[in-house]
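All values derive from a computational prediction rather than experimental measurement. No hydrogens, no waters, no symmetry mates; every other heavy atom, side chains included, goes into these values.
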Amino acid sequence: MMLRPFSLQALVLVAGATTASAGVLIVGTYTGTKTPNGRTVEFRIQDGRGKITSQPGQFIYYDHGKRTAYIVDTEKGTSFEMNEARAKQMGTQLAAAQRMMETKLKELPPDQRAMVEKMMKEQGGGPPPAGGRTPLTFAKAGSDKVGAWPCDRYAAAGDGRKVEVCTAEAPALGISAEDAAVFEGFLDLSEKMAGEEAAAGGAGGGPDRGFSGLPLERTESRDGKVTDRFTIETIKPETMAAADLQVPAGLKAVVPPGPPPAQ
């Protein structure tokens with residue numbers, strides 16, 4: 001998967017809430033060019049909602065019914081709402097910024113351009129793809145195993161990157177269809193924010209979803225060097241208090257500059 005890292009902060013949660021039906025806890029490790037020592041990421045999913053923790057005190061709340069994520073900053077007491085329309089708007093803005101950067105790079109002398117591209121690659125990015133990022137089309141690449149789970153490997157390449165995933169069907173992982181839909185919905189929203197478009201024949205909403213099953217591991221590399229890897233290590237039932245999956249009250253809504261996204 002490409003689950004891209006967010007910088008999120010959260011509020012201390014309300015205690016003493018009533019207990020809801022059983023949910024699932026998914027725990028994985030993210031490592032990247034800027035995170036060589038790794039970072040634990042936790043997904044708590046229950047009753048059509050999710051809470052994602054990327055580091056202590058940092059959460060994303062996700063409401064699958066509304067297809068909306070809420071990024072909460074505990075220190076500032078703010079919440080940023082990210083719905084599908086706004087995610088697509090951000091993706092469009094990112095693509096425009098990439099095209100502008102591409103134009104600026106072409107204007108540089110060859111030696112300066114080579115130096116800038118080298119610096120970008122060292123940061124795990126690489127130069128922007130011509131015309132924006134293109135969809136990836138995955139092909140089956142054999143079978144493997146991640147932790148205790150057998151999985152199917154898929155691979156795709158484009159824009160100077162190679163992406164590999166190893167997937168398994170939700171029932172084999174002990175994840176209900178309802179909880180799997182929440183997990184996939186959050187991934188789709190993240191891909192829209194990254195400016196991804198659906199690949200032909202892809203499953204779900206993004207180019208990195210052209211495969212069957214849930215990604216137990218996702219690896220992205222450039223020039224033979226891994227720049228991002230996310231590996232799921234734990235999947236287990238967990239029942240959470242209903243309030244733990246709700247955005248805390250009393251936060252200040254953050255509104256980004258510019259016109260509101262078209263609905």
Side-chain angles (χ1 to χ4, degrees), residues 1-7 26-43 52-55 60 91 94 98 117-118 120-129 132-170 172-173 175 180 183-199 201-235:
M1 91 185 183
M2 188 172 178
L3 190 64
R4 303 208 180 262
F6 290 94
S7 209
I26 302 172
V27 182
T29 299
Y30 170 81
T31 55
T33 304
K34 298 181 180 180
T35 317
N37 295 327
R39 181 171 71 241
T40 299
V41 181
E42 297 181 348
F43 295 80
I52 299 91
T53 306
S54 62
Q55 45 187 298
I60 302 175
L94 176 60
Q98 289 175 327
E117 290 181 348
K118 180 175 181 293
M120 293 172 67
K121 287 182 179 180
E122 289 174 349
Q123 292 297 315
R133 178 168 284 186
T134 57
L136 296 180
T137 301
F138 281 80
K140 187 78 177 290
S143 300
D144 206 339
K145 196 173 185 180
V146 173
W149 306 289
C151 54
D152 294 322
R153 286 217 169 267
Y154 295 82
D159 300 331
R161 58 177 176 152
K162 181 179 180 181
V163 179
E164 298 178 275
V165 296
C166 205
T167 72
E169 297 298 331
L173 302 174
I175 301 175
F183 188 72
E184 290 182 328
F186 177 74
L187 296 185
D188 287 343
L189 186 64
S190 298
E191 288 163 1
K192 287 182 175 69
M193 288 177 61
E196 306 281 15
E197 297 292 340
D208 294 357
R209 306 299 307 288
F211 46 77
S212 176
L214 298 178
L216 291 169
E217 183 172 75
R218 182 190 186 282
T219 302
E220 182 169 325
S221 57
R222 292 179 182 271
D223 299 326
K225 181 180 178 181
V226 174
T227 57
D228 296 277
R229 175 179 283 126
F230 180 76
T231 304
I232 290 177
E233 298 171 344
T234 302
I235 300 174

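Here CD of E169 is found 11.0 Å from CD1 of I175. Values are rounded to the nearest 0.5 Å. Rounded to the nearest 0.5 Å, atoms OG1 (T227) and CD (E220) are 4.5 Å apart. To the nearest 0.5 Å, the span separating CZ on F138 from CG on D152 amounts to 13.5 Å. Atoms CD1 and CG, from I235 and L173 in turn, are 4.5 Å apart once rounded to the nearest 0.5 Å. Expressed to the nearest 0.5 Å, how far CG of L214 lies from SG of C151 amounts to 12.0 Å. Put simply, NZ on K162 and CG on L136 are 12.5 Å apart, with the number rounded to the nearest 0.5 Å.
Using a 4.5 Å heavy-atom threshold, the side chains of Y30 and T40 count as separate. The side-chain heavy atoms of I232 and I26, taken from C-beta on, include a pair separated by under 4.5 Å. Taking 4.5 Å as the limit, every side-chain heavy atom of R161 sits out of range of all side-chain heavy atoms of S221. Looking at L187 and P215, their side chains come closer than 4.5 Å, going by heavy atoms from C-beta outward.
Applying the salt bridge (charged side-chain N to carboxylate O under 4.0 Å, His left out) rule to K145 yields no partners; only residues at least two apart in sequence or on another chain are considered. Among residues two or more places apart in sequence or in another chain, the side chain to side chain donor-acceptor pair (under 3.5 Å) test is passed with T29 by E233. For T231, the side chain to side chain donor-acceptor pair (under 3.5 Å) partners are E217, not counting sequence neighbours. Residues satisfying the side chain to side chain donor-acceptor pair (under 3.5 Å) test with R229, not counting sequence neighbours, are T219. Among residues two or more places apart in sequence or in another chain, the side-chain contact (heavy atoms from CB on, under 4.5 Å) test is passed with A141 by R153, A155.
The closest donor-acceptor contact from the side chain of R39 to the backbone of T31 lies at 3.5 Å or more, if one exists at all.
Considering every non-hydrogen atom in both P150 and A148, the closest pair reads CD-O, 3.6 Å. Minimum heavy-atom separation, C166 to V146: CB-CG2, 4.0 Å.
The aromatic rings of F211 and Y154 are tilted relative to each other, their planes meeting at an angle between 30° and 60°.
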